[in-house]
Structures are given as structure tokens and as C-alpha cells.
2 protein chains.
Amino acid sequence: MSDECVTLEGVREEFVAQWGVIGAQWGINRTMAQIHALLLTAAEAMSTDEVMEYLEISRGNAHTNLKDLVGWGLIRIITKKGERKEFFEAEKNVWEMFRRITRERKRREIDPALETLRKCRDATKSMKDRDAKVFYKQISELEDFVSFGSKMSDRVGSLQHGKAIKLAMKLLG
Amino acid sequence: MSDECVTLEGVREEFVAQWGVIGAQWGINRTMAQIHALLLTAAEAMSTDEVMEYLEISRGNAHTNLKDLVGWGLIRIITKKGERKEFFEAEKNVWEMFRRITRERKRREIDPALETLRKCRDATKSMKDRDAKVFYKQISELEDFVSFGSKMSDRVGSLQHGKAIKLAMKLLG
DNA sequence: ACGAAGTTTCAGTAACTACTGAAAGTAGAT
DNA sequence: ATCTACTTTCAGTAGTTACTGAAACTTCGT
């Protein structure tokens, strides 16, 4: 970050921009990551128009990404009495945020991958030639590993933050 | 997978294709994921030309992605005596594969993210108004969480496979 | 020092993903 | 039933990333 970012808004802008870059590397659309960063560090819930204005993006873009974030469970819709429009507020608890991201990625990406692995394993289970044996062995090991990891992530995700930390401390200690 | 994939090559083709799709969702270029899947399930090391032919891709594309995979430590170059060309072989041990992916992602993506978080935290540490306090608190929590996770991943990555499994079993048990 | 076999680079292009802006849709207020 | 404030959709376009194919480069054998 350049040194002249001495105002809150300067630092925040830098954070939002960088979070977008980081998100993009993880296969998340940049705007979505930026909106998330913005709401995560907002003191109050924001409207679509405020998000549009801050990030200088179109209504359609703001709308789509806000709704996607709601779909991920990372932000929620707030309605204020007397106000007709919707406001958006981020889940601010970091542990909860982590759990939701993990749960969604598992559902959307790990589970289908496991499905593929299982099918490939079953289809080659009883093949006899060398290449098939190599293939079957490799796929089996991969499947065992991924499904083990998947179970672990369920287990960790079901812990309270405090318990998870304690457990992790034992691991690190 | 469609039911008519009854030959090894049919199943393998399906696996390679699917692995490409999964990789893409994780921010990895599709061809790279496909080459990895191909080499991972190969009985023998393969040459650039064999990879090109199998995936029906250009030499430039094959070359770039093979070299990127070498950069990730997921495949290695093999030279056969009497042969002038290079062959490529995947790291087949799944635990080792996992460790290398984790280590690289940490280096390339987590460490820079932490750097950003630290800068943002430091820059707002002594600001007094409400918005700055909210920002500082949120960034701090995020930084603590990410750096904790990063340490955990180092710790787990330094374990032997057997030990990791034992530890995980305790967790699951 | 030349030719053959293989590797690397890169300009141009194709394919894909994200974004805009405007139009259509919805729902509370009068 | 009409107006107004807001939300949703989407066709077209901009921007980005990935891929090709060919030329340049390297290395080894003769």
C-alpha cells in the first residue's frame, strides 16, 4: 500500500481493491470479492445504490453480485422500517464466515468431484491390464484422500469457534 | 459419466475432462488441470508430443502448462537415456501432492493477502472515529484468523502422512 | 560448422467471463 | 388503477485470459 493512504477511506479503498485481486486468484469474481470487502468493513448496512456509487459499477453488476453473496450466505438483506429499499450487511464473525465458505465450496465443488472419482473408480475396479490397475490405484487413493478431507472439514465446521481454537492449539503445541 | 464408458481410455478421458472443470472452478487453468489429471493417471512418463496428441492442444499450450506444473512441483522432468526429449511424470503420492499445492498457494496467495491485512491494520491502528474503529476491529480479526490458519497449515504440512492421519483420527473420533 | 531434434517465445486470434445500461417487472401508497 | 420507488433480467459489448502456429533459439551428433 502506498504511504499516502492516511485517511480511513484511502486505506479502505486499498483494502477493497486488494481483496478483489485475492478473490480473483481463488476463482471468485473480482467485483463480488470487492463488494464483500466493502460490506465487511462497513459500519452500517449499505444499499445497492451506495455499493454502485462506491465501486463505480453498474446497477446490474451490483445486483447480480449482491445476490450471489446472499447465496453464499456471506451477506444478508436488511430492511429498515420506513425505507422501501433493501440494505445489505455482511456476516462479520470471521469463524462463521469461514464455515459458510467451506460449506458452500464443499457442496458446489468437492461433492461433484467426489462423485466423478467414485464413478471412475467403480468403472475400472475389475479391469485387469496394467494401465487399468495403475489408473484404479491412483483414483482410489485420490478418492480416499478427498473424502477423508471432506469429512474432516464437516467435523471442524461443526465446532464452536472456541473449541476449534483449543483443538488447533493442541495441534500447534 | 455416461454408461458407455466401458474401456479404460473412455473412463480416463472422462476423468481428465472433469478434472479440468473442477480445476477451473478453483482458479486453475483448465488445460493445466487436464494435463495434471492425465499424468497423474499415466503408467509411464509422457512427452510433450504425447500430451499434445492426447488433449489435442498446440505445442505452445502444452509447453506452457507443463512448465507451470513443474513450477508447482506437481510434475517433474524425466530424461530417458538414449532419448533426447524430455518426459514428464506426476508426483503420485496424494499427501505429497496436497502438501505441495498447499505450500504454493500459501506462498503465492495467502502471504500477500496477509501483507495487505497487516498494512491496513497498522494504518488504522490509531484512528479515533467510529468508522475507523469498526474497520480496524474487522481487519484485525481477519488478520488473526488468516495468520492462525496459515500457521496451522505449515504445521500440518510438515507432518508425515501417517502422523497426520493419526491426528485427524483423534479429531474425528 | 552444419543439420536434425527438441525447446522456448510470442504476436495474433479465439473463446470466455464480466459488465453496462436500458427495459421490463413488482409492489406499496394514494 | 395509477404513480413512484425499487428490483430483476438480459441483449449487446468490453475486457480478460487462454490458445495457436510459426519463428527463433538451443543442443547434440556427425
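Since we're looking at a predicted model, the values are computed, not measured. Convention: sequence-line order gives letters A, B, ...; per-chain numbering from 1.
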Length of the line joining [X]:[atom1] and [N]:[atom2], which is rounded to integer Å:
X: A/I28; N: C/dT17; atom1: CD1; atom2: P; answer: 16 Å
X: A/D68; N: C/dT17; atom1: CG; atom2: C1'; answer: 13 Å
X: B/K81; N: D/dC28; atom1: NZ; atom2: P; answer: 18 Å
X: A/K85; N: D/dT7; atom1: NZ; atom2: P; answer: 7 Å
X: B/E86; N: C/dA5; atom1: CD; atom2: P; answer: 17 Å
X: B/N65; N: C/dT9; atom1: CG; atom2: P; answer: 14 Å
X: A/I35; N: C/dA18; atom1: CD1; atom2: C1'; answer: 12 Å
X: A/R30; N: C/dA18; atom1: CZ; atom2: P; answer: 10 Å

Side-chain contact check for A/T31: nearest option of C/dC19, D/dT7, D/dC19 is C/dC19

Under a 4.0 Å threshold between the charged nitrogen and the carboxylate oxygen, would [Y] count as salt-bridged to [X]?
X: A/D131; Y: B/R12; value: no
X: A/D144; Y: A/R121; value: yes
X: B/E44; Y: A/R130; value: yes
X: B/R100; Y: B/E96; value: yes
X: A/E86; Y: A/K67; value: yes

Can a donor-acceptor pair be found between the side chains of A/S150 and A/K106 at a distance below 3.5 Å?
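Yes, side-chain donor-acceptor contact under 3.5 Å.
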
Considering the terminal five base pairs at each end of the helix from C/dA1-D/dT30 to C/dT30-D/dA1, what angle separates the two local helix axes, rounded to 10°?
10°

If I take atom CG from residue B/L74 and atom CD1 from residue B/I35, how far apart are they, to the nearest 0.5 angstrom?
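The CG atom of B/L74 sits 12.0 Å away from the CD1 atom of B/I35.
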
I'd like to know whether CD of A/E9 has more than 12 heavy-atom contacts from other residues, nucleotides or ligands below 6.0 angstrom.
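Result for CD/A/E9: enclosed.
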
Is it the case that atom NZ in A/K80 sees more than 12 heavy atoms from other parts of the structure closer than 6.0 Å?
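Yes - once you tally the heavy atoms of other residues, nucleotides and ligands closer than 6.0 Å, there are more than 12.
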
Using only side-chain N and O atoms of B/K67, determine if any of them is under 4.0 Å from OP1 or OP2 of C/dT8.
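So the side-chain polar atoms of B/K67 do come within 4.0 Å of the phosphate oxygens OP1 or OP2 of C/dT8, strictly under.
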
Within less than 4.0 Å of OP1 or OP2 of D/dC19, is there a side-chain N or O belonging to B/N29?
yes

Between B/A123 and A/V11, what is the shortest heavy-atom contact and its length?
CB-CG2, 3.7 Å

Atom pairs, protein N/O to nucleotides 25-30 of chain C N/O, distance under 3.5 Å:
none

Below 30° counts as parallel, above 60° as perpendicular, anything between as tilted: where do the rings of A/F145 and B/W95 land?
perpendicular

Go through residues 46-64 of chain A and report each residue with a non-hydrogen atom lying under 4.0 Å from DNA chain D, sorted by number.
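The answer is A/R59, A/G60, A/H63.
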
